[in-house]
Amino acid sequence: MLRLLRLLLLLLLPPPGSPEPSQPPGLASLSPGAPPQAPDLLYADGLRAYSAGAWAPAVALLREALRSREVLGRTRRDCGASCAAEPDAALPAQLLGAPQPASGPRAWEPLLLRATLRRAECLTQCAARRLGPGGAARFRMGSALRDVFRRREPYNYLQRAYYQLKKLDLAASAAHTFFVANPTHLQMREDMAKYRRMSGIRPQSFQDLVTPPYWAAYDSGLELLEQQDVALALAKLEEALQGSLAHVESCRAGCEGPEEQQPAEEEEEEGSQGALYEAIAGHWIRVLQCRQHCVADTATRPGRSFPVPDFIPSQLRRMHEAYAQVGNLSKAMENVLSVLLFYPEDEAAKKALNQYQTELGEPRPGLGPREDIQRFILRSLGEKRQLYYAMEHLGTSFKDPDSWTPSALIPEALREKLREDQEARPWDHEPPQPKSLPYWKDVLLLEGVTLTQDAQQLNGSERAVLDGLLTPAECGVLLQLAKDAAEAGARSGYRGRRSPHSPHERFEGLTVLKAAQLARAGTVGRPGAKLLLEVSERVRTLTQAYFSPERPLHLSFTHLVCRSAIEGEQEQRMDLSHPVHADNCVLDPDTGECWREPPAYTYRDYSGLLYLNDDFKGGDLFFTQPNALTVTAQVRPRCGRLVAFSSGGENPHGVWAVTRGRRCALALWHTWAPEHRELEWAEAKELLQEEEEEEEEEEEEVLSRDPSPEPPSHKLQRVQDKAGRLLRVREEL
């Protein structure tokens, strides 16, 4: 127990030489002597002013909310650092390893409590001096409001208020700041395109006011490495590493704040806080859990929910290789030894270390790992020991954010369970492997469809191009359906006339339910709405047969989409009709990762695009590598052509700009999860069947009065093969 407390209290002290946390850019400091106000109240007042159209007061209140929140965080960091250095707050010598006094084994207890009380007194007085009476305790914010600030919601309101005040440069800065953290926000994407078209806005106005500067240094370093400018890259990579470590320290300081304990208070279990030591242990465990999560917080880009894997070790790997390239072998050894602190058995690092030692010649006794990394790892391992101890003996939970944690550190009783949890993570699963081409030939012949290109010919996996799913007459029926619906003003899926993906195109979308409703109202032809349903099921059946014969697929969304080039806006156009993306994960081109997390439609498993025409310029579908830049395959639309592929990060894709004409296609997404099946599809089918039954009743009534012969049916004929499966007999022109 004494050993555990010794470790616990040692970790309370900041490591010597820790980097100072940097102040986030873009936030003006408060006037000297002016204490901040409660950010939650300021934010609420700002929203009230915004709703009332009082734009100037709304801007002032929202800016003050952001500044006050930053001042609170900076105060906590500064007070924590200064109070840790107070001599009266020093830890008892017994806890630091000195021999036990003769007075008894628990003589350290009053010394510990005295040091704790002195530290608390110092923190309280420091916060009161800087924040006013009550200190930080009167500025608590609930978890919901903390999420609002994390999502940068104030900047969304700020950009609109600035726009109303005609302060366009400030509006563009606020919009860009919000958009960086919310890259899939469609309305903000439209707003950003609008700002970029405005001639009065300077390019430098599109700046991120919140993202820590180490991300810019990190990205610049990677870009310079790709350009083989190693010397400049090293300076940026060093800046990124120091900034990353500083951000970790800043985050850790925030873990001791009162609001970090609110979730535990809000979820108070059975009204019991436990006795003295249980309460202390519970509070301390929450602080440690928060501190451990700071590494993942630092490695998570704005707008992402998962961190860049191995963020700090990966920086060290790049740095030791870069130092070796410029001939600085001492620095190369320092960084590769730091990598080995994380991964002692890393073969590539050990090989590089041997190479550097050979090239240096005689041993260099002073060479060792980076001191900042040594401190980082020793502190982290000490915290992990305590958390795993609490997990094993106190029944607490802990999700280790690091893959480098030594297995020997984890209690044996926990290793098997943690291994099972690790294997169950959905983003670690590899996509299923496609079957061989001969397997599909019989399936395709049954439908009268030809396989034009398979995954190998498309330079990827789980991709296929199939022709013959529609006749020209069927394409014409669906094109007319889209045209009639658009003329009736029935755009569904997106607001407004311009495309959400490009300001140079118009976008029209029609869902199956909207088509059925319009057909019921007589606005569009019923054959088109009925064919839309039939074709979507046709595509689903074929996609399941091709990719997932052992597991049923369900339609999750069906959308008849047309993109039209806007005349007069196509010269020197540089954007895409649809930017490169993946359908069930958030693609990060910088790292090549694709995060299967909201706001992506994570339940989508397979995608399909069934084209209706080719009388337009541009608009080809293309696949890329995960960097979203290197094109691996391109497909030209034509009537009846289906491009089907798995929806994950293995198939990033986009659409070249439509520069003339109108491009129409049926977009379909399929899912293995029955709970995510398209309910509107069944509703649309029921609606059309009701109308058909009503018409049949009317026909029977007419036939009862007029016994003339029944006219031939113009419906598509269906026959069955020997196995009883339906085959479609195509119309002949």
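Given the structure is predicted, the values throughout are model-derived calculations rather than measurements.
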With side chains defined as the heavy atoms from C-beta onward, is the minimum distance between [X] and [Y] less than 4.5 Å?
{"X": "Trp669", "Y": "Ser556", "result": "yes"}
{"X": "Leu241", "Y": "Leu316", "result": "yes"}
{"X": "Glu70", "Y": "Arg67", "result": "no"}

**Prompt:** For the atom pair CH2 (Trp681) and OG1 (Thr558), what is the distance rounded to the nearest 0.5 Å?
**Reply:** 8.5 Å
**Prompt:** About how many Å separate CG of Leu158 and CD of Glu153, when rounded to the nearest 0.5 Å?
**Reply:** 11.5 Å
**Request:** With side chain to side chain donor-acceptor pair (under 3.5 Å) as the test, would you mind laying out the steps for Asn627 and Thr624 before giving the verdict?
**Result:** CA-CA 7 Å; Asn627 62 11; Thr624 73; 5.1 Å; no
**Request:** Using the ring of Phe616 (Phe, Tyr or Trp, six-membered ring only), decide whether Arg636 places NZ or CZ under 6.0 Å from its centre and within 45 degrees of its axis.
**Result:** yes
**Prompt:** Does Lys194 make a cation-pi contact with Tyr163, if we ask for NZ or CZ under 6.0 Å from the ring centre and within 45° of the axis?
**Reply:** yes
Flag the pair [X] / [Y] as yes when their ring centroid distance falls below 6.0 Å, and as no otherwise.
{"X": "His653", "Y": "Phe622", "result": "no"}
{"X": "Tyr50", "Y": "Trp55", "result": "yes"}
{"X": "Phe557", "Y": "Tyr601", "result": "no"}
{"X": "Tyr155", "Y": "Phe179", "result": "no"}
{"X": "Tyr603", "Y": "His676", "result": "yes"}

**Item:** Full working for ring-ring contact (aromatic ring centres under 6.0 Å, His included) between Tyr195 and Phe206
**Value:** CA-CA 9 Å; Tyr195 288 130; Phe206 296 95; 7.2 Å; no
**Asked** Can you name the residues that form a side chain to side chain donor-acceptor pair (under 3.5 Å) with Asp229, not counting sequence neighbours?
**Response** none
**Prompt:** Would the number of heavy atoms belonging to other residues, nucleotides or ligands and lying under 6.0 Å from CD of Gln204 be above 12?
**Reply:** yes
**Request:** Mark yes when over 12 heavy atoms from residues, nucleotides or ligands other than Arg151 sit less than 6.0 Å from its CZ; otherwise mark no.
**Result:** yes
**Message:** Using side-chain contact (heavy atoms from CB on, under 4.5 Å), reason through Asp297 and Thr300 one step at a time and then give a plain yes or no.
**Reply:** CA-CA 5 Å; Asp297 177 81; Thr300 303; 5.7 Å; no
**For Phe311, ring-ring contact (aromatic ring centres under 6.0 Å, His included) partners two or more places apart** = Trp215, Tyr218
